[in-house]
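Notes follow the structure.
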Amino acid sequence: MEIKIAPSILSADFSEMGAAVKKLEKSGADMIHCDVMDGSFVAPITFGAQMVKNVRPLTKLPLDVHLMIEHPKSQIKFFADAGADIITVHYGACAKISQTYLRETLEEIKSLGVKCGAVVNPDVPVENIFPVFGLCNMVLLMSVFPGYGGQKYIAEVTPKIAKAREYARSIGKPDMDVEVDGGVTEANCAEIIKAGANVLVAGSTVFNSLDTSVTIRRLRGI
Ligand code: DX5
Ligand code: ZN
């Protein structure tokens with residue numbers, strides 16, 4: 001399977017976001033991971049659809065929008081109109097509203113012609129999103145608790161990656177994107193890929209790198 005690296009712009013200097021995005025594309029990134037935080041679902045606030053709209057014309061890379069927000073369904077159209085290629089929403093934010101809210105939100109994303117994905121935090125069983133695997137283009141397994149870059153990878157997540165890949169195979173979606181987000185480094189990327197992930201988010205590892213192209217290549221396990 002193709003391994004895709006999605007650097008997170010959370011770790012960029014927001015006053016130089018355009019240059020950061022162009023540099024990531026030049027350095028061989030496969031997607032741009034946009035961490036949207038609302039100060040409620042997670043403590044920090046980062047940016048909204050306007051940032052996605054502004055970076056859209058600067059790169060041909062897919063914009064991978066990770067919504068760490070409450071009531072995600074109410075925001076989908078803004079991010080779709082801003083140019084998001086894939087939007088992922090948290091199981092935890094949806095489950096607190098209703099049993100059907102996650103499915104409704106994923107269907108809303110797809111209805112706007114955008115790819116969709118469900119996200120589970122490290123302490124949420126991946127089985128909780130098995131019912132929507134068929135609807136998702138990608139599933140995102142958080143390997144840190146959301147809110148901050150630069151945290152340490154939670155090793156207990158590794159078996160969840162294998163479970164997600166196994167379940168995708170069992171429903172006839174062997175090549176479904178399984179994304180891992182948080183604490184991904186050159187030291188642990190091989191273990192994460194071996195477990196079954198094929199999309200790796202990396203924020204601090206990439207932005208702290210002395211040579212972004214080399215780091216992105218190493219994160220692919222090559
Ligand atoms: C955390 C974000 C992650 C984070 C990754 O809430 O969802 O995407 O920015 O940053 P690193 O790779 O530094 O853990
Ligand atoms: Zn993220």
Side-chain angles (χ1 to χ4, degrees), residues 3-14 17 20-21 24 27 29-49 51-52 55 61-70 72 75 79 84-93 109 115-124 129 136-158 160-161 164 177-193 197-210 212 215-216 218-221:
I3 303 297
K4 294 179 258 190
I5 305 302
S8 161
I9 55 174
L10 178 66
S11 300
D13 172 349
F14 283 25
M17 191 59 89
V21 166
L24 291 174
S27 303
D30 299 289
M31 300 206 278
I32 302 288
H33 186 78
C34 306
D35 280 315
V36 178
M37 300 181 191
D38 65 358
S40 174
F41 181 69
V42 291
I45 293 175
T46 54
F47 50 77
M51 178 66 86
V52 173
V55 301
L61 294 180
L63 299 182
D64 166 26
V65 175
H66 175 195
L67 294 184
M68 290 162 273
I69 66 173
E70 308 283 7
Q75 288 290 317
F79 287 93
D85 294 278
I86 179 159
I87 300 173
T88 56
V89 294
H90 273 255
Y91 166 82
I109 297 169
K115 289 181 180 171
C116 70
V119 191
V120 284
N121 277 355
D123 58 347
V124 177
I129 55 171
C136 291
N137 300 92
M138 179 166 83
V139 289
L140 168 45
L141 307 181
M142 292 304 297
S143 37
V144 295
F145 283 90
Y148 305 91
Q151 300 178 80
K152 200 174 161 326
Y153 178 81
I154 298 172
E156 288 74 12
V157 172
T158 304
K160 274 172 85 173
I161 302 169
D177 281 340
V178 175
E179 185 175 43
V180 170
D181 181 3
V184 175
T185 65
E186 292 177 27
N188 61 25
C189 61
E191 161 204 344
I192 293 166
I193 292 167
N198 72 302
V199 185
L200 274 55
V201 175
S204 40
T205 296
V206 169
F207 281 90
N208 295 339
S209 162
L210 294 175
T212 312
T215 298
I216 288 176
R218 286 196 184 137
L219 286 170
R220 277 205 191 84

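Computed from a predicted structure; not experimentally measured. For ligands, and for the atoms within them, numbers begin at 1 and follow the listed sequence.
- Side chains of V124 and I129 form no contact here, defined as non-hydrogen atoms less than 4.5 Å apart.
- Salt bridge status for R220 with D30: present, with a side-chain N to carboxylate O gap under 4.0 Å.
- Without hydrogens or angle criteria, S8 side chain to A202 main chain gives no donor-acceptor distance under 3.5 Å.
- Here the protein contributes H33 NE2, D35 OD1, H66 ND1, D181 OD2 as N, O or S atoms under 2.8 Å from the Zn ion (ligand 2).
- For ligand 1, the protein residues within 4.0 angstrom (heavy atoms only) are S8, L10, H33, D35, M37, H66, M68, M142, P146, G147, Y148, G149, G150, D181, G182, G183, V201, A202, G203, S204.
- Residues E179 and D64 are in side-chain contact: their nearest non-hydrogen atoms beyond the backbone lie under 4.5 Å apart.
- In this structure the side chain of N137 never reaches within 4.5 angstrom of the side chain of D177, judged on heavy atoms.
- Between V119 and D181, every side-chain heavy-atom pair lies at or beyond the 4.5 Å cut-off.
- Taken to the nearest 0.5 Å, the CG atom of L140 stands 11.0 Å off from the CG atom of L67.
- In this structure, OG1 on T158 lies 2.5 Å from OH on Y153, to the nearest 0.5 angstrom.
- Aromatic ring orientation, H66 versus H90: parallel (interplanar angle below 30°, classes split at 30° and 60°).
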